Undergrad: 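There's a structure below that I have some questions on.
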Amino acid sequence: MQPSGEAEILAPDLQSQSGRSRDPERTKQDILDVATEEFAAKGYAGGRVDAIAARTQTTKRMIYYYFGSKELLYSCVLARAYRRIRQIEEYLDLDRLDPETALRRLVEFTFDYHDAHPDFVRLVMIENIHNAEYVKSSEEVRQANRPAIVILKNLLERGRREGVFKREIEPVDLHLMISALCYYRVSNRHTFGTIFDCDLTDPRVRERQRRMVTDTIASFLLTTD
């Protein structure tokens, strides 16, 4: 987003120190990458645009040129974080797998993604601290997440039609169940690990819990009430 009337003022900043023009899209992505780390580590209030500018070798006014404000930058970071996981889900090509295998594949992917992207988990945690204030004002975030429910709706319908899934469950409830089991071990890994002397980053523990979460959700759908 670009504030009106600022393009002419800010245009000189769109060149690198060597005098060569920057790639605008690459610059925006670099800013978003660093902003993701900054906000995930320090939250919205603690994240500093000056720090993001310094790490990307840009300027504060260039960031405002591209994104409009700190609030809009933060909203873009949130939207991109959600969009990334949902886009990968759509490429899992679950329709080509039998329903149980497709379900297990989706759960395993969700588990792996959360485990590999703690910044995503931290951003969601921070936004919950803010009572979803910025999510509420972002139609892009809501649009980005709708495919997750559609994927589960289609999978559940196919599984029931083929007699594989025995239990009735709403797609949004299944999404909550999968997310909760995969999210908690990342969001609470430090407190849980310290209190119970359990290293959740240990590959053996990770694999055991990955199998446990996948089997739990699959077993829930394959059995009757």
Side-chain angles (χ1 to χ4, degrees), residues 1 25 28-29 31-33 35-36 39-40 43-44 66-69 71-162 164-165 167-187 210 213-214 216-218 220-221:
M1 182 172 179
E25 278 307 311
K28 287 171 68 175
Q29 293 306 312
I31 292 169
L32 286 170
D33 287 343
T36 296
F39 289 131
Y44 173 74
Y66 283 128
F67 298 99
S69 66
E71 180 176 341
L72 290 175
L73 173 61
Y74 177 73
S75 293
C76 286
V77 165
L78 278 176
R80 189 180 72 151
Y82 278 112
R83 190 167 57 247
R84 281 182 162 178
I85 185 172
R86 302 307 169 215
Q87 287 174 339
I88 300 173
E89 284 174 347
E90 292 187 90
Y91 280 106
L92 293 178
D93 207 11
L94 300 180
D95 290 341
R96 298 185 62 180
L97 304 173
D98 66 86
E100 181 181 352
T101 302
L103 175 66
R104 288 179 175 274
R105 177 73 186 93
L106 180 60
V107 176
E108 289 169 351
F109 161 74
T110 306
F111 185 100
D112 293 342
Y113 192 92
H114 283 73
D115 187 74
H117 296 85
D119 279 358
F120 171 66
V121 174
R122 286 184 60 85
L123 284 170
V124 175
M125 292 168 60
I126 290 164
E127 185 59 11
N128 274 285
I129 291 172
H130 289 289
N131 297 313
E133 176 183 349
Y134 299 98
V135 166
K136 288 174 185 175
S137 63
S138 176
E139 179 61 26
E140 185 179 0
V141 170
R142 292 192 293 276
Q143 289 286 354
N145 282 285
R146 289 194 176 108
I149 304 305
V150 174
I151 288 171
L152 286 175
K153 179 176 181 292
N154 293 339
L155 177 57
L156 286 171
E157 288 176 350
R158 184 160 62 93
R160 291 171 186 143
R161 187 169 59 248
E162 296 180 18
V164 177
F165 298 152
R167 190 182 298 265
E168 291 293 326
I169 184 173
E170 292 296 321
V172 71
D173 292 338
L174 179 56
H175 180 67
L176 173 67
M177 183 180 183
I178 295 171
S179 297
L181 290 174
C182 296
Y183 177 94
Y184 179 88
R185 66 178 302 279
V186 181
S187 66
R210 184 178 189 262
V213 169
T214 304
T216 296
I217 294 170
F220 180 78
L221 286 179

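Every value quoted in this text rests on a predicted model; they were computed, and no experiment measured them.
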Undergrad: Examine distances only and state if a side-chain atom of D98 and a backbone atom of E100 form a donor-acceptor pair shorter than 3.5 Å.
TA: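 Flag set: sc D98 to bb E100 pair under 3.5 Å.
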
Undergrad: Does some side-chain heavy atom of L221 sit less than 4.5 Å from a side-chain heavy atom of L174?
TA: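 Yes, side chains in contact.
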
Undergrad: With R142, which residues qualify under side-chain contact (heavy atoms from CB on, under 4.5 Å), at least two apart?
TA: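 Testing R142 for side-chain contact (heavy atoms from CB on, under 4.5 Å), a comparison that skips the adjacent residues, returns E139, R146.
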
Undergrad: Are any of the side-chain heavy atoms of V107 and R210 separated by less than 4.5 Å?
TA: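 They are not in contact (no side-chain heavy atoms under 4.5 Å apart), so the answer is no.
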
Undergrad: Could you check, using the six-membered ring where one of them is a Trp, whether Y82 and F120 have ring centers closer than 6.0 angstrom?
TA: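 Yes - the distance between ring centres of Y82 and F120 falls below the 6.0 Å cut-off.
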
Undergrad: Are any non-hydrogen side-chain atoms of Y44 and E127 less than 4.5 angstrom apart?
TA: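 No, too far: nothing below the 4.5 Å cut-off.
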
Undergrad: At their closest point, which heavy atom of I126 faces which heavy atom of A40, and how far apart are they?
TA: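 Smallest heavy-atom distance, with atoms named: CD1-O, 3.7 Å.
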
Undergrad: Please report the closest heavy-atom contact between V77 and L32, naming both atoms and the distance.
TA: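 It is CG2-CD2, 3.9 Å.
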
Undergrad: Could you pull out all donor-acceptor pairs under 3.5 Å where a side-chain atom in residues 149-158 meets a protein atom, sequence neighbours excluded?
TA:
| residue | atom | partner | partner atom | Å |
| --- | --- | --- | --- | --- |
| K153 | NZ | E157 | OE2 | 2.8 |
| N154 | ND2 | V150 | O | 3.4 |
| R158 | NH1 | L97 | O | 2.8 |
| R158 | NH2 | L94 | O | 3.1 |
| R158 | NH2 | L97 | O | 3.1 |

Undergrad: With distance as the sole test, does N128 use its side chain to make a donor-acceptor pair with the main-chain N or O of V124 at under 3.5 Å?
TA: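 Checked: pair present.
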
Undergrad: If you round to the nearest 0.5 Å, how far is SG of C182 from CE of M177?
TA: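 So the gap between those two atoms works out to 10.5 Å.
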
Undergrad: With sequence neighbours excluded, what pairs up with R86 under the side chain to side chain donor-acceptor pair (under 3.5 Å) test?
TA: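 For R86, the residues satisfying side chain to side chain donor-acceptor pair (under 3.5 Å) (neighbours in sequence not counted) are E89, N145.
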
Undergrad: When rounded to the nearest 0.5 angstrom, what distance separates CD1 in I217 from CZ in F220?
TA: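 I217 CD1 to F220 CZ: 10.0 Å, rounded to 0.5 Å.
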
Undergrad: Counting only N and O atoms by type, is there a donor-acceptor contact under 3.5 Å from the side chain of H175 to the main-chain atoms of P171?
TA: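 No: the side chain of H175 does not pair with the backbone of P171.
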
Undergrad: For E170, is the CD atom crowded, meaning more than 12 foreign heavy atoms sit under 6.0 Å from it?
TA: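 For E170, atom CD is not crowded (no more than 12 foreign heavy atoms under 6.0 Å).
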
Undergrad: Is the shortest heavy-atom distance from the side chain of R122 to the side chain of F39 under 4.5 Å?
TA: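 A side-chain contact is absent here, since even the closest heavy-atom pair is not under 4.5 Å.
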
Undergrad: Return each pair, listed once, that meets ring-ring contact (aromatic ring centres under 6.0 Å, His included) where at least one residue sits in residues 86-106; pairs must be two or more places apart or across chains.
TA: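 Sorted result for residues 86-106: empty, none.
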
Undergrad: Please identify which of these residues, R161, E162, R160, meets the side chain to side chain contact (heavy atoms under 4.5 Å, CB included) condition with V164.
TA: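 Of the listed residues R161, E162, R160, the side chain to side chain contact (heavy atoms under 4.5 Å, CB included) partner of V164 is E162.
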
Undergrad: Is it the case that the side chain of S187 and the backbone of Y184 share a donor-acceptor pair, with hydrogens and angles ignored and the cut-off at 3.5 Å?
TA: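 Yes, because the side chain of S187 sits within donor-acceptor range (under 3.5 Å) of the backbone of Y184.
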
Undergrad: Kindly write out the residues that satisfy side-chain contact (heavy atoms from CB on, under 4.5 Å) with R185, not counting sequence neighbours, or none if the list is empty.
TA: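 R185 satisfies side-chain contact (heavy atoms from CB on, under 4.5 Å) with F111, D115, R189, L200, R206, Q209 only.
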
Undergrad: If you compare all heavy atoms of F165 against all heavy atoms of P99, which two are closest, and at what distance to 0.1 Å?
TA: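 Nearest pair, atom of F165 first, then P99: CZ-O, 3.6 Å.
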
Undergrad: So that I can tick it off, tell me whether D93 and R105 are bridged by a salt bridge, with the cut-off set at under 4.0 angstrom between side-chain N and carboxylate O.
TA: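 Looking at D93 together with R105, the answer is no, because their closest N to O distance does not fall below 4.0 Å.
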
Undergrad: Any chance you could measure K28, atom NZ, to D33, atom CG, to the nearest 0.5 Å?
TA: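 Nearest 0.5 Å value for the NZ-CG distance: 13.0 Å.
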
Undergrad: Tell me whether E108 contacts the main-chain N or O of T214 through its side chain, where contact means a donor paired with an acceptor under 3.5 Å.
TA: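 No; zero donor-acceptor contacts below 3.5 Å.
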
Undergrad: Can you tell me how far the CD1 atom of I88 sits from the OH atom of Y113, to the nearest 0.5 Å?
TA: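 Those atoms lie 5.0 Å apart.
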
Undergrad: Run the side-chain contact (heavy atoms from CB on, under 4.5 Å) test against S75 and tell me which residues pass, sequence neighbours left out.
TA: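 Partners of S75 under the side-chain contact (heavy atoms from CB on, under 4.5 Å) test: Y134.
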
Undergrad: Please give me the minimum heavy-atom distance between A81 and L123, naming the atom from each residue.
TA: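 Shortest heavy-atom separation between A81 and L123 comes out as CB-CD1, 4.1 Å.
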
Undergrad: Could you measure the distance from the CZ atom of R80 to the CD1 atom of I85? Nearest 0.5 Å is fine.
TA: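 Those atoms lie 14.0 Å apart.
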
Undergrad: Applying side chain to side chain contact (heavy atoms under 4.5 Å, CB included) to R83 and E140, what does each step give before you reach the verdict?
TA: CA-CA 9 Å; R83 190 167 57 247; E140 185 179 0; 2.5 Å; yes

